[in-house]
Asker: 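Following this message is one structure expressed as structure tokens.
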Amino acid sequence: MRRRKRRFLFSTVCTLVILLAGLAGAALFFRIQEKIGASRKTPDALFLEYVECLSKADYKAMYGLLDDQSHLNISEEDFITRHKNIYEGIEGSGITAQIRQVVEKDGEAAVSYNMSLDSTAGEINFSNQVTFRKEKKKGYQMVWNDSVIFPELGRSDKVRVSTDKAKRGSVFDRNGLLLAGKGTASSVGLVPGKMSGDSAGDLETLGNLLGMSADSIGKKLSAKWVREDSFVPLKTIKKVDELNLGSMEPREDNVKNKEFQDELLTVPGVLITDTEVRYYPLGESGAHLVGYVQNVTAEDLEKHPDEDYLSDSVIGRSGMEALYEKELKGTNGRTITITDSGGTVKKTLAAKPRVDGTDITLTIDSTLQAEIYQAFKEDKSCTVAMNPFTGEVLALVSTPSYDDNDFILGMSEEKWASLNDDERKPMFNRFRQRFAPGSSFKPITGAIGLTTGAIDPNEDFGREGLSWRKDESWGNYYVTTLHDYSPAILENAFIYSDNIYFAKAALKIGYDDFMSGLDKLGFNQEIPFDISVTKSQYSNTERIETEVQLADSGYGQGQMLVNPIHLASLYTMFANQGNVIKPYLQYKAEPEPEVWLPGACSPEIADRIRTALSKVISSEHGTGHAANRNDMELAGKTGTAEIKASKDDRTGTELGWFAVFTTDPNLETPILLISMAEDVKDRGGSGYVVRKDKAILNFYIPGGQ
């Protein structure tokens with residue numbers, strides 16, 4: 001019995017071993033068959049795998065699908081390099097293929113297909129055919145040659161991308177005069193074949209004249225492309241104005257430029273030729289408004305990866321050049337071709353025509369812009385000129401200024417340092433900033449007071465003399481004014497520019513109504529204008545904190561800071577029945593005013609304040625009387641803002657303001673002018689600005705005085 005049990009167990013174990021061995025063998029068999037099946041995919045499946053690898057730029061995997069002969073014809077490294085250069089060069093993407101037909105015969109298969117892909121020159125579509133050859137061990141493998149990439153592509157052919165650079169649009173003023181566009185400068189360079197034997201000495205001399213090192217000039221001359229008769233450009237400088245030279249009084253800078261170029265030409269081999277550049281005719285007069293362009297940097301290219309910038313493109317850095325960059329830059333044209341070894345085009349694969357940049361026409365009057373600049377060029381100032389009835393901005397000037405052409409021609413380190421070290425800050429754009437408005441703000445206080453009903457225009461606020469404080473709670477702080485008059489009613493307060501009246505008016509209005517009124521007029525908000533400007537404020541905190549601050553705010557002091565463009569916009573309510581007109585810069589043949597703040601005050605209030613402001617100019621007692629003209633009605637307000645470290649500071653400076661506008665909407669050239677000049681203390685205060693603006697008005701609207 002025991003022997004039988006042993007035989008049974010032995011038999012069972014053997015059966016299990018045989019069974020397990022059979023299962024293992026079967027598994028191995030199926031794995032082998034699976035590998036064989038994987039390596040013997042159908043030609044259409046292999047082709048689609050190839051396309052999938054291509055779309056992923058997995059060129060190594062693509063190479064693995066080629067037959068042995070193809071491997072002999074091209075190395076893996078060359079295969080990968082060829083594909084990488086072509087597809088990255090054309091910026092190939094979105095690659096898709098559709099098989100049309102597969103024909104198998106005698107161990108070979110022809111796969112016909114349609115392929116499409118996106119490129120830098122647009123979509124590329126073509127029909128093609130590729131052969132697969134069956135090998136004993138591997139099954140079907142691709143028979144590759146260069147025509148698999150594109151049908152017409154041969155082994156020695158190249159795929160080239162040529163760029164047709166878009167021309168940057170120009171900027172014009174309202175009268176069609178150029179503000180930014182095509183100009184001509186002088187390119188200074190060397191012709192190696194015409195240099196003297198003492199080239200080292202010549203390079204040293206030339207380098208000193210151009211502000212370049214002799215080594216840097218030498219490197220340019222040693223470039224591979226340079227031949228004996230090549231012109232090697234070194235520096236771009238201003239072109240000599242020959243017409244001006246022949247005039248009775250040629251400009252000093254033009255004469256010096258001519259002398260400089262004559263000296264350059266004494267160096268053997270130097271040639272000066274014309275070259276096209278971006279040109280700004282207004283120069284310093286319009287630099288803060290028009291801005292300038294510069295060559296793109298690596299940072300620019302990284303920041304704007306899909307915006308069609310080339311390594312030698314320019315980009316707007318400031319002003320209109322930056323504001324309208326997208327419209328001005330245009331779109332480069334591109335053509336992708338197959339060329340043979342001799343450079344002959346065999347096939348054009350895709351072409352996208354260039355689209356030149358759009359020309360921009362502004363509402364600016366460049367002659368007015370230049371006149372304002374000339375009037376204030378020695379001052380730290382800014383001026384806003386606009387049509388008070390349409391909102392068209394006629395001029396935006398900031399002084400002192402810089403010449404935006406210098407950025408195009410290449411600014412020396414010395415020049416750049418002088419601009420940045422100048423304490424007058426010529427690079428600082430003042431019309432984008434905010435300043436204490438002083439008495440130019442009083443019409444705004446008046447409008448809020450009349451709207452809330454806190455001010456009765458005929459109420460006499462009492463005769464206080466030249467200083468006043470509410471009570472002893474103000475300590476030693478007094479509000480002061482310059483003129484003693486009677487009665488102290490609203491109209492007279494405007495004429496005599498009475499600080500005390502408007503301090504009392506602000507207290508009558510009260511904290512909440514005053515701040516609410518200012519909020520409704522755009523304070524602490526972005527104003528709707530093409531150029532981003534600093535927000536106006538009425539306090540350094542969220543609200544007006546004290547009674548003294550409220551009183552000071554009523555006449556534009558305290559912590560009140562206003563942007564000049566914002567202030568100009570607010571003044572339009574007095575010419576437009578209480579509606580504040582939106583300022584704008586892009587020219588319209590038929591200007592239609594757009595209301596920014598409807599009903600900022602009632603038509604009756606606007607009319608009352610406008611009448612009072614006209615008397616500020618026409619009355620012999622008016623602080624703006626020096627600007628009066630007999631041939632038209634002007635309305636305006638002067639302002640002097642004290643800038644000091646503390647209430648007791650006696651050494652602080654003053655800002656002078658003058659806001660003035662023509663009241664007749666039928667005038668051929670209506671204008672609203674707001675000017676601010678710094679440091680007018682001991683120079684006549686706001687009267688200094690009034691005299692300047694009077695001359696500007698007489699220029700813009702010639703006629704009676």
Side-chain angles (χ1 to χ4, degrees), residues 171-176 289 320 323-324 360-369 372 383-397 431 440 443-444 446-448 450-451 517-518 520-523 525-533 536 562-611 613-614 632-637 659-675 696-697 700-701:
V171 182
F172 297 96
D173 84 342
R174 64 188 300 110
N175 300 309
L289 169 66
M320 299 299 98
L323 180 64
Y324 295 113
I360 302 294
T361 301
L362 303 180
T363 55
I364 297 296
D365 183 320
S366 59
T367 56
L368 176 62
Q369 179 87 15
I372 293 171
T383 295
V384 180
M386 63 187 291
N387 183 321
F389 304 104
T390 64
E392 296 168 282
V393 175
L394 304 171
L396 286 173
V397 181
F431 61 70
S440 66
I444 311 304
I448 294 172
L450 292 173
T451 299
L518 292 173
K520 290 174 183 176
L521 293 176
F523 278 73
Q525 304 167 36
E526 298 284 351
I527 74 166
F529 186 52
D530 309 63
I531 300 172
S532 174
V533 301
S536 298
V562 180
N563 172 263
I565 299 170
H566 185 190
L567 186 61
S569 301
L570 294 181
Y571 264 73
T572 65
M573 79 171 92
F574 308 125
N576 293 277
Q577 298 187 309
N579 296 316
V580 174
I581 304 301
K582 178 182 174 180
Y584 70 92
L585 269 171
Q586 271 203 282
Y587 180 76
K588 303 171 188 174
E590 298 293 334
E592 285 292 331
E594 183 179 344
V595 175
W596 167 30
L597 302 172
C601 68
S602 70
E604 293 75 22
I605 291 172
D607 183 64
R608 180 180 288 277
I609 293 178
R610 185 184 66 253
T611 300
L613 295 182
S614 69
M632 68 178 65
E633 183 182 61
L634 295 172
K637 185 71 193 74
V660 60
F661 61 95
T662 56
T663 61
D664 183 0
N666 297 314
L667 194 68
E668 186 177 350
T669 51
I671 188 173
L672 185 159
L673 198 62
I674 288 190
S675 294
I696 293 166
L697 287 170
Y700 190 65
I701 314 175

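Every heavy atom of this structure was used, including side-chain atoms; hydrogens, water molecules and symmetry mates were not.
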Asker: In Å and rounded to the nearest 0.5 Å, what is the OG to CG distance from Ser440 to Leu567?
Answerer: 5.0 Å
Asker: Looking at OG of Ser569 and CG of Leu521, how far apart are the two atoms once the value is rounded to the nearest 0.5 Å?
Answerer: 11.0 Å
Asker: By salt bridge (charged side-chain N to carboxylate O under 4.0 Å, His left out), which residues pair with Asp530, not counting sequence neighbours?
Answerer: none
Asker: Holding to salt bridge (charged side-chain N to carboxylate O under 4.0 Å, His left out), I want the full list of residues that pass it with Glu604, two or more places apart in sequence or in another chain.
Answerer: none
Asker: Name all residues meeting the side chain to side chain contact (heavy atoms under 4.5 Å, CB included) criterion together with Gln586; count only those two or more places apart in sequence or in a different chain, and write none if there are none.
Answerer: Tyr324, Ile360
Asker: Measure the CZ-CG distance between Phe172 and Leu362 for me, rounded to the nearest 0.5 Å.
Answerer: 10.5 Å
Asker: Residues two or more places apart in sequence or in another chain: which of them pass side chain to side chain donor-acceptor pair (under 3.5 Å) with Asn563?
Answerer: none
Asker: Would a 4.5 Å heavy-atom cut-off, applied to side chains only, mark Leu667 and Phe389 as touching?
Answerer: no
Asker: Evaluate the side-chain proximity of Leu396 to Ile565: yes if any heavy-atom separation is below 4.5 Å, no if none is.
Answerer: yes
Asker: Apply side chain to side chain donor-acceptor pair (under 3.5 Å) to Gln369 and list each qualifying residue two or more places apart in sequence or on a separate chain.
Answerer: none
Asker: Locate the shortest heavy-atom distance separating Pro443 from Tyr571; write the atom from each residue and the value.
Answerer: CG-OH, 3.3 Å
Asker: Identify the two heavy atoms, one from Leu672 and one from Ala568, that lie closest to each other, and give their separation to 0.1 Å.
Answerer: CD1-O, 3.7 Å
Asker: Between Phe529 and Leu585, does the side chain to side chain contact (heavy atoms under 4.5 Å, CB included) criterion hold? Intermediate values first, please.
Answerer: CA-CA 8 Å; Phe529 186 52; Leu585 269 171; 3.8 Å; yes
Asker: Give the intermediate values and the outcome of side chain to side chain contact (heavy atoms under 4.5 Å, CB included) for residues Val562 and Ile444.
Answerer: CA-CA 11 Å; Val562 180; Ile444 311 304; over 6 Å; no
Asker: Which heavy-atom pair separates Arg174 from Leu394 by the least distance, and what is that distance?
Answerer: NH1-CD2, 3.7 Å
Asker: Side-chain contact, heavy-atom cut-off 4.5 Å: Asn387 with Thr363?
Answerer: no
Asker: Which pairs would a plain distance check flag for residues 573-581, meaning a side-chain donor or acceptor within less than 3.5 Å of a matching protein atom at least two apart in sequence or in another chain?
Answerer:
| unit_1 | atom_1 | unit_2 | atom_2 | d |
| --- | --- | --- | --- | --- |
| Asn576 | ND2 | Pro388 | O | 2.8 |
| Asn576 | ND2 | Thr572 | O | 2.7 |
| Asn579 | OD1 | Gly599 | N | 2.8 |

Asker: Are Leu697 and Leu634 side-chain neighbours, meaning at least one heavy-atom pair lies under 4.5 Å?
Answerer: yes
Asker: Evaluate Leu570 against Phe523 for side chain to side chain contact (heavy atoms under 4.5 Å, CB included), listing each step before the verdict.
Answerer: CA-CA 11 Å; Leu570 294 181; Phe523 278 73; 4.1 Å; yes
Asker: With a 4.5 Å heavy-atom cut-off, do Ile671 and Leu368 have their side chains touching?
Answerer: yes
Asker: If you take all heavy atoms of Ala447 and Ile605, which pair is closest and at what distance?
Answerer: CA-CG2, 4.3 Å
Asker: For Arg608, enumerate each residue passing the salt bridge (charged side-chain N to carboxylate O under 4.0 Å, His left out) test, keeping only those at least two apart in sequence or located in another chain.
Answerer: none
Asker: By the side chain to side chain donor-acceptor pair (under 3.5 Å) test, which pairs, at least two apart or in different chains, include something from residues 661-675?
Answerer: Thr383-Ser675, Glu633-Thr663, Ser675-Asp693
Asker: Under 4.5 Å between any side-chain heavy atoms of Ile364 and Val393, yes or no?
Answerer: yes
Asker: Can you name the closest pair of heavy atoms from Thr451 and Ala600 and give their distance?
Answerer: OG1-O, 4.3 Å
Asker: According to ring-ring contact (aromatic ring centres under 6.0 Å, His included), does anything in residues 584-609 pair up with another residue at least two apart or in another chain? List the pairs.
Answerer: His566-Trp596
Asker: With sequence neighbours excluded, tell me which residues meet side chain to side chain donor-acceptor pair (under 3.5 Å) with Asn175.
Answerer: none
Asker: Which residue pairs satisfy the salt bridge (Lys or Arg N to Asp or Glu O under 4.0 Å) criterion with at least one member in residues 569-588, sequence neighbours excluded?
Answerer: Lys582-Glu594
Asker: Verify side chain to side chain contact (heavy atoms under 4.5 Å, CB included) between Leu450 and Ile609, making sure each step is shown before the conclusion.
Answerer: CA-CA 10 Å; Leu450 292 173; Ile609 293 178; 4.2 Å; yes
